2 protein chains.
Amino acid sequence: MTDTAPRPTLEAVAARAGVSRATASRVVNGGDGVREPLVARVRRAVEELGYVPNQAARSLVTRRHDAVAVVIAEPETRVFADPFFALQLRGISKELTAHDNQLVLLLTEGRDDHARVGRYLAGGHVDGALVFSLHLDDPLPGLIQRAGVPTVFGGRPGWSEDSGGAVYVDSDNRGGAREAVQHLVGLGRTRVAHITGPLDQTSAADRLEGYRDVMGDADPGLVVESDFTPAGGERAMRELLERHPSPDAVFAANDLTASGALRVLRERGRRVPEDVALIGFDDMLPVAEQTDPPLTTVRQDIEEMGRLMARLLLRGGAEQGVEGAPSSVVLPTTLVRRASA
Amino acid sequence: MTDTAPRPTLEAVAARAGVSRATASRVVNGGDGVREPLVARVRRAVEELGYVPNQAARSLVTRRHDAVAVVIAEPETRVFADPFFALQLRGISKELTAHDNQLVLLLTEGRDDHARVGRYLAGGHVDGALVFSLHLDDPLPGLIQRAGVPTVFGGRPGWSEDSGGAVYVDSDNRGGAREAVQHLVGLGRTRVAHITGPLDQTSAADRLEGYRDVMGDADPGLVVESDFTPAGGERAMRELLERHPSPDAVFAANDLTASGALRVLRERGRRVPEDVALIGFDDMLPVAEQTDPPLTTVRQDIEEMGRLMARLLLRGGAEQGVEGAPSSVVLPTTLVRRASA
DNA sequence: ACAGGTCGTGAGAGCGCTCTCGACTCAGGG
DNA sequence: CCCTGAGTCGAGAGCGCTCTCACGACCTGT
């Protein structure tokens, strides 16, 4: 498959520049402690030969790979339709690129893959891992931590309360939810419903907590579990409208859910926000801005989360658990007021 | 989580098994030409020590990396909302995993990144590349081909007509579109409209060609350019309904567009399919099945496309009875009849 | 002037692995 | 009986790079 022309080596560069391999190496790696005329000569030689360092040889001696694994534990196709991962990936990619790191993508599907991923990570092929695991009962995070690879989680891992030391980046789901519900209450709404996400995901659970912080568990009939999808939102909204009294406000666990709920509300002739005020979560632009009316929602900067995960991992470097060790970050959310509430 | 224990080397395995490093290597790589008792001894040593080959050292001598780059040229955030890439990625990932290859993800954003990607690929860090480039004027594909890396494109590259030798995997967009439109005509519809995708993408352009194969360019007023999004579909549908006479059938360039169009049709009180028959493209399940009425659409197996791309790259083209040189594959589509047409 | 330091450079030792090549063994044929 | 050849195995030479270390050149201060 490979019939590439022989690539120039450092040796060749050194020869052309009339210096030793050691000096050429120094220049390629920043050029500290090399006098200017030589630096220039080597740089030119690199340019002329089109030299690119052989990463394998470099890794062999440095024991660094300048590569980070991104693990997405994703048994369900559905979630792919959510731009959430894509945006985080983009943030991660940008940050890694800025630090000349490569992104090795590991998608898992079922338990067999877990072993494979564990083996890969333990094999020391990458300098660290960024892990997305949605579900509370996922064994993958534990497996990975045991592999002894520096790791940053995307979203608070469900089990992390006691097995401290897990570094993660998350949005302030609870605080954001609280703010949304408080806003609805401030509007004078009294029957504020909540359409949740899948409650085995911490983000959904945390948003429910935020809702309860304000509403208490007063009327459990106002809470309907759903699944973060538009169709699920429709279903949940129908269910809510059948209850008595039906809500005068709805806090949906994400924008997709809110868009589904909105569709049902209009179909049933309820005016938004006059009859029912509606708030979403995420501020996913193509969704939130183009609904009618545009969605009031809780914004979280998803791409920034990704960027931060990468930054945390890279900064933590090879020495995890040492004093400079990174600690988790919870990003603030902001309420974006549009027309729906 | 202190210092990572030094990983065992082949040398250590050999010592424990009482053989030479060469023999240990042979066993690790399949064990051909080594007598059974030794094979077993080495295998046990590997097990006991938890030995994992050092990929860097291996690559250094073999010049293979067992890694494939996936390049997604993506200037626009929008497209991420499309599960299209995600599904292809999943297919690719599965196939690569099955062959013990790693997936290195390269996302590009703007021209600066092109140079970076070119350099990376030319640097010989991966055995091949799978490239997604949507737009006709994208310089990336050319750049990559010049890098001399085995490459398979996802979707027909726009420029490939003359610069032959580009290997790609695509759906039969034109044929699928033709079948859809023929179906509409077969239903007795005479004013069949087409809401296109962005016409600088070959998939959208090919679907338009398929439409024209059946309808000719008779009434250019029946063709509206759009952008593969639900909101775009709404806009285009509104535009179509204002025309005289308004269409009695619509072929939308993808399901997302169709769902937007459907929303407008219902809003305006047009019955589907009685007044206006509607067909989409993709058979994206969460969308196509859950619309009301469920969408008749042209199915393409997106995940299979990804899998095939990877297979083509890894096997150098010796796929599906194709002899010798790798050649492109165009996958057939199938019309899925549901209620909308 | 010389001892002691700093700085810039090159020589060379590996990093862990694969792979060639030669040594050795054991059949079987001449 | 030796010779040939196939089958096993080990010794050792790198793959391309980084990094330590030694060495010479050049400063300082006395």
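In what follows, chains are A, B, ... by sequence order, proteins preceding strands, each numbered from 1. Quick caveat: nothing in here was measured; it's all calculated off a predicted structure.
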Q.
Output the rounded distance in Å from CG (A:Leu10) to P (C:dG12).
A. 18 Å
Within the structure provided, determine whether [X] and [Y] are in side-chain contact (heavy-atom separation under 4.5 Å).
X        : Y        : value
A:Thr151 : A:Leu121 : no
B:Val34  : B:Asp32  : no
B:Leu308 : B:Met305 : no
B:Val104 : B:Val68  : no

**Q.** Along DNA chain D (nearest heavy atom to each residue), the more 5'-positioned of B:Ser20 and B:Leu60
**A.** B:Ser20
Q: Start with the C-alpha gap between A:Arg44 and A:Glu47, add the side-chain angles, then the distance that decides, and say whether salt bridge (Lys or Arg N to Asp or Glu O under 4.0 Å) holds.
A: CA-CA 5 Å; A:Arg44 191 151 43 81; A:Glu47 195 72 25; over 6 Å; no
Q: Could you tell me from which nucleotide to which nucleotide of DNA chain D, 5' to 3', there is an atom under 4.0 Å from chain B heavy atoms?
A: D:dT8 to D:dG16
Q: Carefully, step by step, assess B:Lys94 and A:Glu109 under the rule side chain to side chain contact (heavy atoms under 4.5 Å, CB included).
A: CA-CA 9 Å; B:Lys94 278 185 185 168; A:Glu109 212 141 0; 3.4 Å; yes
Q) Checking all strands, does A:Arg63 fall into the base, sugar-phosphate, or nothing category for heavy-atom contacts under 4.0 angstrom? A) sugar-phosphate
Q) Does any residue of residues 26-53 of chain B have a heavy atom under 4.0 Å from DNA chain C, and if so, which ones, in number order? A) B:Asn29, B:Tyr51, B:Pro53
Q: Would you check if the side chain of B:Ser59 reaches a backbone N or O of B:Gln55 as a donor-acceptor pair within less than 3.5 Å?
A: yes
Q | Single hit among A:Arg16, A:Arg43, A:Arg41 for salt bridge (Lys or Arg N to Asp or Glu O under 4.0 Å) with A:Glu48 | A | A:Arg16
